[in-house]
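Structure record follows, encoded as structure tokens.
Keep in mind the model is a prediction, meaning the values are calculated, not measured.
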Amino acid sequence: MSFLGPVKPIERSAGPDDAHRLRPTLSWPHLIALGVGAIVGTGIYTLTGVGADRAGPAVILAFAIAGAVCACAALAYAELATMIPTAGSAYTYTYSVMGETLAWVVGWSLILEYTLACSGVAVGWSGYLVGLIESAGVHLPHWMLVGPHDGGIINLPAVLVSMIIATMLMAGTRESATLNIVLVIIKLIALAVFVAFAAPAFDPAHLHPFMPYGFGGSVQGGEKRGVMAAAAIVFFAFYGFDAVATSAEEARNPGRDLKIGIIGSMAVSTTIYILVALTAVGAVSYTTLAGSPEPLALVLRVLGHPAVSWLVAGAALVALPSVILVMMYGQSRIFFVMARDGLLPGALSRVSKRSGSPVLVTGITGLFVSLIAAFFNVSEIAELANAGTLIAFIAVGLCMMILRRRAPDVLRVFRCPAPYLVGTLAVLGCIYLLFSLPEKTLVRFLIWNMIGLVAYVAYGRSRSLLGKAG
């Protein structure tokens with residue numbers, strides 16, 4: 001067996017039969033709505049403050065750059081999703097193109113991404129809950145509201161929301177389409193209200209100097225700062241666009257609708273992010289926003305709109321747990337597929353007969369999410385989660401270009417426009433963002449993957465079902 005391991009065959013020489021084919025009911029407006037609903041979440045509600053701390057007013061530019069890189073990755077993702085319509089996303093694509101060893105690295109990185117993404121959302125939710133409680137004049141002990149890095153002992157609200165959602169998933173609870181639509185509307189109305197009340201206070205003086213820390217990432221004041229350093233963190237805000245790419249089978253006209261849906265949802269979401277960030281840093285000094293766990297509510301309180309700040313914070317409290325729910329589902333799918341391939345213990349691929357959900361995997365995920373959310377702050381979590389995502393996106397860009405050369409005649413329901421340009425931009429953009437992360441984050445990510453490779457060599461490689469079949 002070669003170092004890269006066996007390659008999983010692409011299982012799409014023909015479309016699935018009628019009994020296993022999803023009905024094509026979605027048009028491009030549905031896909032744009034789906035993408036906006038999946039993308040607009042924790043990032044804009046919590047990372048505006050972190051981004052302002054790293055880039056100053058140029059956090060606006062950081063959102064634009066991160067959005068452009070994600071759009072390129074999304075187009076590559078969409079082509080692969082229509083070619084290899086099976087669970088596992090980037091892990092499965094890498095397995096089918098570059099071999100088992102690299103697939104393991106990508107899958108191990110996705111495990112990190114989803115687990116930390118859940119934790120990051122939980123910490124962001126906790127920040128809004130605490131801000132809402134304190135603005136009502138209730139002051140709980142600081143030690144139980146934030147982790148050690150922020151002067152506390154444990155972030156208890158983040159732990160509780162993580163465990164509650166994990167319990168819901170273990171019981172088989174699912175979101176309905178109606179609930180998703182309601183949550184999207186709540187999020188967008190809250191952001192519109194924020195802009196309406198904060199925009200009149202816009203002061204151009206707050207945008208100067210626009211790039212106080214420069215463009216490229218450099219260590220200043222003990223933190224890596226600059227536009228690209230901020231982009232590497234606010235990249236977290238664009239998680240969820242793959243919800244559009246994975247709907248390929250349900251699109252009425254995939255060749256047209258997926259392109260419009262992906263680019264449209266990314267354009268709408270990026271516009272919302274830039275507008276909200278511009279309003280925030282224009283209404284108050286970026287130094288006021290810097291590092292705040294609930295920056296939008298803070299802006300409204302500073303401007304003398306406490307009731308409106310309650311509305312925005314309340315919308316975040318209602319809508320953000322749905323993101324944790326989706327991410328935990330994604331985590332369970334990655335675990336499930338890797339276990340089904342024999343790379344992880346088979347027990348992880350079992351589902352409950354009563355609920356139909358992978359109870360053991362979900363419980364383990366909930367435990368790890370809770371532990372991380374309990375003791376780390378949102379910026380550290382987002383940085384490490386982004387490292388895992390960036391590796392997955394690099395793999396997706398490479399797989400798309402490799403398959404264009406290796407299998408040019410394989411059916412592609414959606415074809416990425418200018419594939420080598422888009423793929424190259426996705427790969428190079430993600431590499432640049434990866435190395436714009438703090439060195440300590442890269443070291444932690446390297447340690448995580450070294451542990452993963454040891455686990456693969458010690459367990460997964462010899463038990464791989466595809467390896468045994470070969």
Side-chain angles (χ1 to χ4, degrees), residues 8 10 12 26 28 31-32 34-39 66-98 102-103 105-107 109-110 113-114 117 235-251 254-267 269-270 326-327 329-330 333-334 337 385-386 388-404 407 410-431 433-434:
K8 182 184 292 188
I10 297 176
R12 192 187 176 101
L26 303 179
W28 63 264
L31 296 181
I32 291 178
L34 175 65
V36 171
I39 297 168
V69 173
C70 281
C72 291
L75 288 170
Y77 197 111
E79 177 166 312
L80 292 174
T82 60
M83 290 181 66
I84 313 171
T86 55
S89 68
Y91 158 76
T92 299
Y93 309 151
T94 307
Y95 209 158
S96 298
V97 179
M98 294 190 287
L102 293 179
V105 172
V106 171
S109 297
L110 286 173
E113 170 202 337
Y114 281 119
F235 178 84
F236 184 90
F238 292 92
Y239 286 12
F241 72 82
D242 55 335
V244 180
T246 55
S247 67
E249 197 174 320
E250 297 173 88
R256 178 200 68 185
D257 295 343
L258 278 176
K259 186 187 304 182
I260 297 174
I262 291 171
I263 297 298
S265 62
M266 290 299 301
S269 299
T270 304
V326 173
M327 292 294 183
Y329 265 121
R333 290 189 185 100
I334 296 297
V337 175
N386 286 355
T389 308
L390 288 165
I391 289 297
F393 286 1
I394 290 169
V396 168
L398 289 173
C399 287
M400 187 269 290
M401 292 189 287
I402 291 171
L403 280 181
R404 279 295 183 107
V410 172
L411 174 65
R412 289 170 172 83
V413 178
F414 170 77
R415 298 180 69 87
C416 175
Y420 298 109
L421 175 62
V422 170
T424 300
L425 290 175
V427 171
L428 294 181
C430 288
I431 290 174
L433 288 174
L434 181 65

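One distance of note links SG of Cys416 with CG of Leu421; it measures 9.0 Å at 0.5 Å rounding. Taking CG of Leu390 as the start and CZ of Phe235 as the end, the distance is 4.5 Å to the nearest 0.5 Å. For the atom pair CG (Leu425) and SG (Cys430), the distance works out to 10.5 Å, reported to the nearest 0.5 Å. Of the inter-residue distances, the one linking Leu75 atom CG with Cys70 atom SG reads 11.5 Å to the nearest 0.5 angstrom. We find the CZ-CZ distance between Arg404 and Arg415 to be 4.0 Å, quoted to the nearest 0.5 Å.
Considering all non-hydrogen atoms of both residues, Leu80 and Cys399 come closest at CD1-CB, 3.8 Å. Smallest separation of non-hydrogen atoms from Ile391 and Ser109: CG2-OG, 3.9 Å. In terms of heavy atoms, Pro417 sits closest to Val422 at O-CG2, 3.1 Å. In plain terms, the two heavy atoms of Tyr91 and Leu110 that are nearest each other are N-CD1, 3.8 Å. Shortest non-hydrogen contact noted between Met400 and Pro419 is CE-O, 3.2 Å. Nearest heavy-atom pair, Ala73 versus Ala426, reported as atom, atom and distance to 0.1 Å: N-CB, 3.8 Å.
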task = Evaluate side chain to side chain contact (heavy atoms under 4.5 Å, CB included) for Tyr95 paired with Val106, printing each intermediate quantity in order.
result = CA-CA 9 Å; Tyr95 209 158; Val106 171; over 6 Å; no
message = For a side chain to side chain contact (heavy atoms under 4.5 Å, CB included) check, start with the C-alpha distance between Leu433 and Asn386, then their side-chain angles and the critical distance, and finish with the verdict.
response = CA-CA 9 Å; Leu433 288 174; Asn386 286 355; over 6 Å; no
task = Quick one: do Arg412 and Leu403 satisfy side chain to side chain contact (heavy atoms under 4.5 Å, CB included)? Show the steps, please.
result = CA-CA 11 Å; Arg412 289 170 172 83; Leu403 280 181; 3.8 Å; yes
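Ring centroids of Phe238 and Phe393 are separated by 6.0 Å or more, keeping the two rings apart.
Side-chain atoms of Glu113 do not come within 3.5 Å of backbone N or O of Gly388 as any donor-acceptor pair.
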